[in-house]
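A quick write-up on the structure given underneath.
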Amino acid sequence: MAKASVVVPEQVGAAAAAAQVGCPCPGTTLFPYPPPRAGIAVRRKCLQAAQQLELGAGLRGGWVESMRASSPTHAKAAAALAAGVDEEHAAWMARHPSALGEFEKVVAASKGKQIVMFLDYDGTLSPIVDDPDAAFMSETMRMAVRSVAKHFPTAIVSGRCRDKVFEFVKLAELYYAGSHGMDIKGPASRHAAAKSPPHNKGVLFQPASEFLPMIEQVHDRLEQATRSIPGAKVENNKFCVSVHFRCVDEKSWGALAETVRRVVREFPRLRLSQGRMVFEVRPTIKWDKGKALEFLLDSLGFADCSDVLPVYIGDDRTDEDAFKVNKYLYY
Ligand SMILES: O=P(O)(O)OC[C@H]1O[C@H](O[C@H]2O[C@H](CO)[C@@H](O)[C@H](O)[C@H]2O)[C@H](O)[C@@H](O)[C@@H]1O
């Protein structure tokens, strides 16, 4: 096949971003349209700060900068967007075309292929809100997902714990991969389960189960250690823990970052990363949303298949692990 400019599924991620009007930093999302010139610099700074965060060698200023850029408002993103285009930015755009802008090419690339849908939850199916317990998806979105799932195998891939994301989505015909892909379960509905490949009945995969007691411990330690920081919220996502700072006064962000880092240091088998105004604490195992995507395709009988087209829509840094699974990229 002649090389065309469409690349699937990476630009589908950009489509998700197009729907969201995203952030110009890798901690949050891809760009909807030309990424703002200013965004490139922010992206580099964020990357540096994020690396420091992971390595535990960061300066307080670096973390705070990374925290500030982790989930900008639409107004900030739009202002950055208006800042203009330069060569570096144009080159970035050539490598990351908008899937919405190139939708016909995406459709053409899907001809004769089995589409498998992967959907992130927060910021993709539901709006970003202050209270993580109130991130409900609309009935319209639920109907859209239900109709997609009638045509294609569909999975929700979330950083949340699987039960929680199921409570929000409420569709028994879907696959669910909670805890950043570390808790995978096949459809609960009898009808959908009957349609699953025979070797895949009742799939359940939990590659980090040995970490359960440690996650409980770190959750308790984090709750105790952040109690004095108003607005900080610790969420137990079963195989990982989120520490939210969306409602923390910016003056306390440095102290919060220090506290979280200090606690995580007590657990050398856990690592720290950052999402949209949230710290994510996870096992050091080599498992992420990309691995979950591969596992699910494998379970569905599409391992090393050339006639499958995975479509992944997400808005956060952890979704980029799935965008990077390039053995399914088609040119
Ligand atoms: O993989 P996802 O489904 O996108 O989950 C990632 C995290 O999403 C949630 O936090 C984010 O959404 C909250 C509600 O809108 C918002 O308040 C928070 O600032 C965002 O980071 C969820 O609460 C986390 O546990 C997930 O890890």
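We count ligands from 1, going down the list as the structure has it; atoms in each ligand are counted the same way.
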Is Ala135 touching ligand 1 with its side chain, its backbone, both, or neither, if touching means heavy atoms under 4.0 Å apart? side chain
Subset of ligand 1 atoms that lie under 4.0 Å from at least one heavy atom of Ser242: 24 (C), 25 (O), 27 (O)
Looking only at the aromatic ring of each residue, does the gap between the centers of Phe239 and Phe211 stay below 6.0 angstrom? no
Just by modelled atom types, is the Cys240 backbone N or O under 3.5 Å from a matching donor or acceptor in the Glu280 side chain? no
Is Asp131 in polar range of ligand 1, meaning some N or O pair under 3.5 Å apart? no
Specify the protein heavy atom at minimum distance from atom 3 (O) of ligand 1: its residue, its atom name, and the distance to 0.1 Å. Ser158 OG, 2.7 Å
Among all the protein's non-hydrogen atoms, which is closest to atom 12 (O) of ligand 1, and how far away is it? Asp122 OD1, 3.4 Å
Consider only side-chain heavy atoms of I, L, V, M, F, W and Y, link residues closer than 4.5 Å, and tell whether Tyr121 and Val129 are in one cluster. no
Taking only non-hydrogen atoms of Val278 and a 4.0 Å limit, the atoms of ligand 1 in range are 21 (O)
Could you tell me, atom by atom, which parts of ligand 1 come under 4.0 Å of a heavy atom of Tyr121? 3 (O)
Close N or O approach (His244, ligand 1; < 3.5 Å): yes
Among all protein heavy atoms in this structure, tell me which lies nearest to atom 21 (O) of ligand 1, with the distance rounded to 0.1 Å. Arg276 O, 2.4 Å
Heavy-atom distances under 4.0 Å decide this one: backbone, side chain, both or neither, for Pro127 against ligand 1? backbone
Whether Phe168 and Phe136 hold their rings parallel, tilted or perpendicular, with breakpoints at 30° and 60°: perpendicular
Under 4.0 Å from any heavy atom of Asp130, which atoms of ligand 1 are there? 17 (O)
Closest protein heavy atom to atom 24 (C) of ligand 1, given as residue, atom name and distance to 0.1 Å: Glu235 OE1, 3.4 Å
Options Arg246, Lys164, Glu280, ranked by nearest heavy atom to atom 26 (C) of ligand 1, top entry: Glu280
Write down the atom of Leu171, the atom of Phe166, and the distance for their closest heavy-atom approach. O-CE1, 3.7 Å
Any side-chain donor near an acceptor of the partner, Gln224 and Arg227, under 3.5 Å: no
Got an N/O contact under 3.5 Å between Thr318 and ligand 1? no
Quick test: of every protein heavy atom, which one is nearest to atom 17 (O) of ligand 1, and how far off is it to 0.1 Å? Val129 O, 2.5 Å
Inspect the surroundings of CD in Glu250 and state if more than 12 heavy atoms from other residues, nucleotides or ligands are less than 6.0 Å away. yes
For Arg282, run the side chain to side chain contact (heavy atoms under 4.5 Å, CB included) check against Thr318, Val264, Val241 and tell me which one passes. Thr318
Contact check: Ile128 vs ligand 1, nitrogen or oxygen atoms, below 3.5 angstrom: no
Residues Phe118, Ile313; criterion side chain to side chain contact (heavy atoms under 4.5 Å, CB included); working and verdict: CA-CA 6 Å; Phe118 295 90; Ile313 305 182; over 6 Å; no
Side-chain donor or acceptor of Trp287 paired with backbone N/O of Gly181 under 3.5 Å: yes
Which ligand 1 atoms does Pro132 reach within 4.0 Å, using its non-hydrogen atoms? 14 (C), 23 (O)
Closest non-hydrogen protein atom to atom 2 (P) of ligand 1, residue and atom name please, with distance? Asp120 OD1, 2.9 Å
Sub-3.5 Å donor-acceptor pair from the side chain of Arg162 to the main-chain atoms of Lys238, do we have one? no
